[in-house]
Structure formats: structure tokens, C-alpha cells
Amino acid sequence: QVQLVESGGDSVQAGGSLRLSCAASGTFFSINVMGWYRQAPGKQRELVATMASDGSTNYADSVKGRFTVSRDNAKNTVYLQMNSLKPEDTPVYYCNADLRLTDRNEVQFRYWGQGTQVTISS
């Protein structure tokens, strides 16, 4: 069983900062891409920021320059540092990981965390 657990969601004032954390636990061989998506009520889930095992990153245009994704491979944990928060950053944030379960199969599986709520007040 693989589980992703997010933490750090909170309610903050616009312009403030917040850091989200996501730790992967369970039985797996390796994690390729790990990062963050977000979803507002009634809307599709969208990419926020991800980091591959080689350190390469991918950011949504709306968060570039404000958010920073980082990763601690020893802890199987990914972080999202969010600065200059805006009301539109309010959606629930979901941790995502694409990983290999064993060293005998190269197939990767996508896992999701339960989500952590970020609320930005005007």
C-alpha cells in the first residue's frame, strides 16, 4: 500500500506565505515525478508544480516566481513554498507521485494524496 499524506494547508492573508509538505509511505521501488496539483470547486484539477528525480521542475505560469517546489528524496517528501499568495490560490492542493512499485517492473503508477485546503483571505 502506497500513501501520500499532505500537510501545511491553512488560512492566511493575501500576500502571506505558506509551505505545504507531502510524504510518501508504503512499499515502492522509486519515485519519478512528485509534486502538486490543485482543484477549485467545480473545476478540473490543474498542475501547480512538479519535480522529477533528476531535479527538473515544471511550474504553472500562474505560480512562476511565487511558488517553489523542492524535494527531499531521503525522506520521500516534496514541498511547495508559496509566497505572495493571492485569493485565486485558494483551491485544495493535492500531492501527486508517479512511482515504480518494484525493481522487476518498469511500469509507473500515479498516486494522489487526500488534499490539503489552502484558504487566502482578501
Could you tell me which non-hydrogen atom of Ala97 sits nearest to which non-hydrogen atom of Met34, and how far apart they are? CB-CG, 4.2 Å

Do Leu85 and Val12 make a side-chain contact, defined as non-hydrogen atoms from C-beta onward lying under 4.5 Å apart? yes

So how far is it from Leu80 CG to Cys95 SG, rounded to the nearest 0.5 Å? 10.0 Å

Please say yes or no: joined through hydrophobic side-chain contacts below 4.5 Å, possibly via intermediate residues, are Phe67 and Val69 part of one cluster? yes

d(Asp98 CG, Thr50 OG1) to nearest 0.5 Å is 9.0 Å

Taking Asn105 for its side chain and Thr102 for its backbone only, find out whether a donor-acceptor pair lies under 3.5 Å. no

Examine the side chains of Thr77 and Asp72 and answer whether a donor and an acceptor come within less than 3.5 Å of each other. no

If you look at every heavy atom in Ala40 and Pro91, which pair is closest and at what distance? N-CB, 3.6 Å

Rounded to the nearest 0.5 Å, how far apart are CG of Asp54 and CG of Asn32? 8.0 Å

Hydrophobic clusters join Ile, Leu, Val, Met, Phe, Trp and Tyr when side-chain heavy atoms are under 4.5 Å apart, directly or via other members; which others share one with Val92? Tyr37, Leu47, Tyr94, Trp112

List the atom of Ala24, the atom of Leu4, and the distance in Å for their closest heavy-atom pair. CB-CD2, 3.4 Å

Would you sort out whether Met82 and Ser17 count as a side-chain contact (heavy atoms from CB on, under 4.5 Å), showing the intermediate values? CA-CA 5 Å; Met82 303 185 292; Ser17 297; over 6 Å; no

For Phe29, the hydrophobic cluster (side chain heavy atoms closer than 4.5 Å, chained through members) also holds none

May I have the step-by-step check of side-chain contact (heavy atoms from CB on, under 4.5 Å) for Trp36 and Val78, ending in yes or no? CA-CA 9 Å; Trp36 298 92; Val78 66; 3.8 Å; yes

The test is salt bridge (charged side-chain N to carboxylate O under 4.0 Å, His left out); show your working for Arg38 and Glu46 and say whether it passes. CA-CA 5 Å; Arg38 65 187 182 186; Glu46 63 178 3; 3.1 Å; yes

Lys43: what forms a salt bridge (Lys or Arg N to Asp or Glu O under 4.0 Å) with it, not counting sequence neighbours? none

In one Ile/Leu/Val/Met/Phe/Trp/Tyr side-chain cluster, 4.5 Å: Leu18, Val63: yes

What pairs with Asn73 under side-chain hydrogen bond (donor to acceptor under 3.5 Å, both in side chains), at least two apart in sequence or on another chain? Arg71

Students should find that the hydrophobic cluster of Tyr79, defined by side-chain heavy atoms under 4.5 Å apart, otherwise consists of none

Just by distance, with hydrogens left out, do Glu6 and Gln114 show a side-chain donor and acceptor under 3.5 Å apart? yes

Do Lys64 and Asp61 meet the salt-bridge criterion of a basic N to acidic O distance under 4.0 Å? yes

A quick test of your reading: do over 12 heavy atoms of other residues, nucleotides or ligands sit less than 6.0 Å from CD of Glu106? no

Determine, using the 4.5 Å side-chain heavy-atom cutoff (strictly less than), whether Ile31 and Phe109 are members of one ILVMFWY cluster. yes

What pairs with Tyr111 under ring-ring contact (aromatic ring centres under 6.0 Å, His included), at least two apart in sequence or on another chain? none

How far apart are the C-alpha atoms of Val48 and Tyr59, what are their side-chain angles, what is the distance that settles it, and do they pass the side-chain contact (heavy atoms from CB on, under 4.5 Å) test? CA-CA 6 Å; Val48 178; Tyr59 290 93; over 6 Å; no

One should read off an interatomic distance between Thr119 OG1 and Gln13 CD, to the nearest 0.5 angstrom, of 12.0 Å

When rounded to the nearest 0.5 Å, the distance separating CZ of Arg66 from CG of Asn83 is 9.0 Å

Worked check of side-chain contact (heavy atoms from CB on, under 4.5 Å) between Val107 and Arg100: CA-CA 6 Å; Val107 175; Arg100 292 176 58 182; over 6 Å; no

Distance in Å, Thr27 OG1 paired with Leu101 CG, rounded so as to fall on 0.5 Å steps: 9.0 Å

